[in-house]
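Here the structure comes first, spelled out in structure tokens, and everything after it is commentary.
In what follows, chains carry the letters A, B, and so on, assigned in the order in which the sequence lines appear, proteins first and then strands, with residues in each chain numbered from 1.
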Number of protein chains: 2
Amino acid sequence: MKFVLKLPSMTVSQHHEAERNETASFSPLYRQIKRLMIQALELSEWRPGESIPSESELAQRFRVSQGTVRKAIDELVTDNLLLRRQGKGTFVASHDDPRSQFRFLRLVPDDVDSAALPVEPQSEFLECLRARAGAETARALGLAASAPIVAIRRLLRFAGKPVVLEEIYVPGERFDGLDLAMLKGYQGSLYSLFETRFGVRMLRAEERLRAVTAERASAQLLDVPEGTPLLSVERVAYTFGDKPVEWRRGLYSTAAHHYRNELG
Amino acid sequence: MKFVLKLPSMTVSQHHEAERNETASFSPLYRQIKRLMIQALELSEWRPGESIPSESELAQRFRVSQGTVRKAIDELVTDNLLLRRQGKGTFVASHDDPRSQFRFLRLVPDDVDSAALPVEPQSEFLECLRARAGAETARALGLAASAPIVAIRRLLRFAGKPVVLEEIYVPGERFDGLDLAMLKGYQGSLYSLFETRFGVRMLRAEERLRAVTAERASAQLLDVPEGTPLLSVERVAYTFGDKPVEWRRGLYSTAAHHYRNELG
DNA sequence: GAGTGGTCTAGACCACACC
DNA sequence: GTGTGGTCTAGACCACTCT
């Protein structure tokens with residue numbers, strides 16, 4: 001037994017010797033608490049934008065000290081699943097929140113410096129089709145070949161000028177009822193819509209960037225000459241359990257904008 | 001007075017009422033400890049690759065509890081200034097360390113997955129000149145116009161094939177004695193050389209990515225047709241005090257490689 | 001003033017590395 | 001075994017927000 005000597009009835013338990021160092025190489029209490037909290041988040045016991053119980057309440061519920069709950073929350077905040085507001089409480093992160101609005105769009109106009117508040121791009125949805133996954137999409141999303149998907153095409157404009165052309169693919173199963181009318185009618189970011197209407201939360205993403213040349217169709221939509229170099233951005237976005245739930249490819253016009261990245 | 005009631009003689013002090021909430025909006029003890037530790041790092045009291053004193057020693061030195069020192073170290077680890085090895089100690093991060101070797105190069109071959117260990121690129125230095133800063137370089141590095149700088153050109157090869165062409169500019173003042181012979185003779189990354197030979201530590205960087213077309217000279221060196229789309233990566237790297245000490249522009253050939261990015 | 005997150009302390013014990 | 005970082009607890013008090 002470890003870390004539990006003074007705990008008469010553990011919710012999270014390491015009471016069994018068997019649990020010690022078998023295959024799972026020792027998980028501290030706060031990580032087990034973290035896992036339980038992620039579960040509560042995934043099961044929507046706590047919903048985006050809402051506050052979760054206070055640290056002392058959670059400590060009672062899980063039968064651990066406040067410090068241990070705090071450490072679990074610390075990591076969830078680092079993972080962008082929760083956010084704290086001193087004096088007010090701890091809240092479930094939401095794509096509605098202006099704070100996490102631009103977490104996934106790294107393109108910014110050349111002139112504005114990093115301190116300035118980001119310019120809100122306008123989204124123009126071109127189409128939204130039900131289709132079957134191609135080989136590439138199926139692999140990226142971990143689906144069976146020719147599984148049902150939803151394909152979206154849209155154009156992003158900064159200050160009226162077209163800058164990003166995107167094709168977005170999501171599994172059809174999770175997005176029942178998603179169509180062009182809904183996309184056009186929704187106020188807010190795409191991930192906000194996914195979260196609000198379909199309960200799908202994008203937690204992290206991986207991007208692959210390349211330089212390519214504009215084909216005729218893309219060039220026309222982006223209002224650049226055919227052959228112009230464009231930034232190709234492929235993204236796989238993941239939800240709970242590191243499950244991929246979106247694949248997209250964007251073509252970014254980088255004449256007056258750039259992709260901004262911080263290396264820590 | 002706050003947090004110091006039981007501390008008879010503080011090294012870090014908040015004894016004076018004046019310090020309370022004048023302009024500097026309340027800095028907790030562990031941040032003051034952090035600042036002192038950064039100072040020790042900047043002044044090379046603790047050197048890259050070496051271990052720093054144990055947490056209990058530091059607690060004694062700064063007259064705070066181990067938990068407070070620990071929290072300061074936590075942040076320094078997050079900032080990539082220190083790294084912990086359980087059972088061994090806490091160490092000053094170094095660009096020699098394989099762990100932080102590829103922190104700043106995000107280009108990877110298309111085929112290898114993220115789990116695989118990165119392929120070591122080979123560096124071929126083309127030139128290294130002393131010159132005077134142009135307007136753009138001076139602005140990026142925060143130097144006076146026409147301040148002395150060192151300009152480096154190099155080619156990176158993955159598996160023998162040229163993939164990255166870079167121009168690198170550093171202030172001449174900090175890099176006395178840097179020349180082509182030294183670059184060619186050094187084993188290890190450029191930042192490792194900067195750290196080892198000149199005591200200049202790159203702590204973080206900002207990059208701006210764009211798509212451009214290959215000019216004739218660049219195309220020849222990268223062994224691609226003129227007009228090929230290339231990924232342009234501009235970087236400003238910062239050392240202690242957020243002082244910019246390197247500006248570089250790279251042209252990445254992305255036919256068989258891509259720039260990999262994680263969005264948290 | 002009450003409630004929440006944030007800081008700090010002191011002490012106990014666990015996991016890991018090296019001798 | 002000794003020393004290091006890592007975890008956990010219990011309790012006190014500070015800073016912030018809202019009522």
Side-chain angles (χ1 to χ4, degrees), chain A residues 1-8 10-15 17 19-22 24-34 46 50-60 62-78 82-92, chain B residues 1-8 10-15 17 19-22 24-34 37 50-60 62-78 82-92:
Chain A
M1 289 198 266
K2 48 180 63 166
F3 303 147
V4 296
L5 290 174
K6 297 173 188 169
L7 302 173
M10 293 279 295
T11 303
V12 178
S13 164
Q14 295 189 329
H15 279 185
E17 289 289 326
E19 272 193 71
R20 261 213 191 177
N21 267 327
E22 302 277 318
S25 55
F26 175 59
S27 166
L29 248 188
Y30 74 86
R31 275 202 203 281
Q32 302 178 44
I33 305 299
K34 181 186 178 184
W46 307 320
E50 294 178 359
S51 70
I52 70 172
S54 72
E55 295 180 355
S56 55
E57 280 181 86
L58 290 170
Q60 283 181 7
F62 295 125
R63 310 237 187 199
V64 297
S65 75
Q66 183 182 338
T68 299
V69 167
R70 192 167 174 75
K71 195 151 187 191
I73 294 177
D74 278 342
E75 290 203 351
L76 290 167
V77 168
T78 299
L82 299 177
L83 57 92
R84 300 187 208 262
R85 293 187 226 166
Q86 179 167 146
K88 299 178 78 172
T90 303
F91 296 78
V92 182
Chain B
M1 290 199 266
K2 50 180 62 165
F3 303 146
V4 295
L5 291 173
K6 298 174 188 169
L7 302 173
M10 293 280 294
T11 302
V12 177
S13 165
Q14 294 190 330
H15 281 184
E17 289 289 327
E19 274 192 70
R20 259 211 193 178
N21 268 328
E22 302 278 318
S25 56
F26 175 58
S27 165
L29 247 189
Y30 74 86
R31 275 203 203 281
Q32 302 177 45
I33 305 298
K34 181 186 179 186
M37 292 181 69
E50 293 177 0
S51 71
I52 70 172
S54 74
E55 293 180 354
S56 57
E57 280 180 86
L58 290 170
Q60 283 181 8
F62 295 126
R63 309 238 187 197
V64 297
S65 76
Q66 183 183 337
T68 300
V69 167
R70 191 167 174 76
K71 195 151 187 192
I73 294 178
D74 278 343
E75 291 203 351
L76 291 167
V77 168
T78 299
L82 299 177
L83 57 92
R84 300 187 208 260
R85 294 187 224 166
Q86 179 168 149
K88 299 178 75 173
T90 303
F91 296 77
V92 182

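With sequence neighbours left out, B/Thr90 forms a side-chain hydrogen bond (donor to acceptor under 3.5 Å, both in side chains) with no residue at all. Residues satisfying the salt bridge (charged side-chain N to carboxylate O under 4.0 Å, His left out) criterion with A/Glu75, sequence neighbours excluded, are A/Arg31, A/Lys34. Checked against salt bridge (charged side-chain N to carboxylate O under 4.0 Å, His left out), A/Lys71 has no partners two or more places apart in sequence or in another chain. B/Arg84 pairs by the salt bridge (charged side-chain N to carboxylate O under 4.0 Å, His left out) definition with B/Glu55, B/Asp74, not counting sequence neighbours. Scanning for side-chain hydrogen bond (donor to acceptor under 3.5 Å, both in side chains) contacts around A/Ser56 gives A/Ser54, with sequence neighbours left out.
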Which atoms of nucleotides 17-19 of chain D (N or O only) lie under 3.5 Å from a protein N or O atom, and what are those distances?
unit_1	atom_1	unit_2	atom_2	d
D/dC18	OP1	A/Lys88	NZ	3.3

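Taking atom CD of residue B/Gln60 and atom P of nucleotide C/dT9, one finds them 14 Å apart after rounding to whole Å. The distance from atom NZ of B/Lys34 to atom P of C/dT7 is 12 Å, rounded to the nearest whole Å. Across the protein-nucleic acid pair, B/Arg84 atom CZ and D/dT7 atom C1' stand 12 Å apart, rounded to whole Å. The CZ-P distance, from B/Phe91 to D/dG3, rounds to 17 Å in whole Å. One atom, OH of A/Tyr30, and another, P of C/dC14, lie 17 Å apart when rounded to the nearest Å. The interatomic distance linking B/Gln32 (CD) with C/dC8 (C1') rounds to 13 Å, in whole Å. Atoms CZ (A/Arg31) and P (D/dG6) sit 11 Å apart, rounded to a whole Å. In this structure, the CZ atom of A/Phe26 is 16 Å from the C1' atom of C/dA17, given to the nearest Å.
Across residues 51-59 of chain A, A/Ser54, A/Glu55 each have a non-hydrogen atom less than 4.0 Å from an atom of DNA chain C (numbered order). The stretch residues 65-74 of chain B touches DNA chain D through B/Arg70, each having a heavy atom under 4.0 angstrom from the strand.
Of all non-hydrogen atoms in A/Ala72 and A/Tyr30, the two that sit nearest each other are CB-O, 3.4 Å. In terms of heavy-atom proximity, B/Ser65 sits nearest to B/Ala59 at C-CB, 3.9 Å.
With C/dC8, D/dA15, D/dT9 as the choices, the nucleotide that has an atom nearest any side-chain atom of A/Val64 turns out to be D/dT9.
The distance from the CD1 atom of B/Ile52 to the CG atom of B/Leu82 is 5.0 Å, given to the nearest 0.5 Å. Rounding to the nearest 0.5 Å gives a distance of 12.0 Å between CG of B/Leu58 and CZ of B/Arg70.
Counting heavy atoms from C-beta on, the side chains of B/Gln32 and B/Phe62 never come closer than 4.5 Å.
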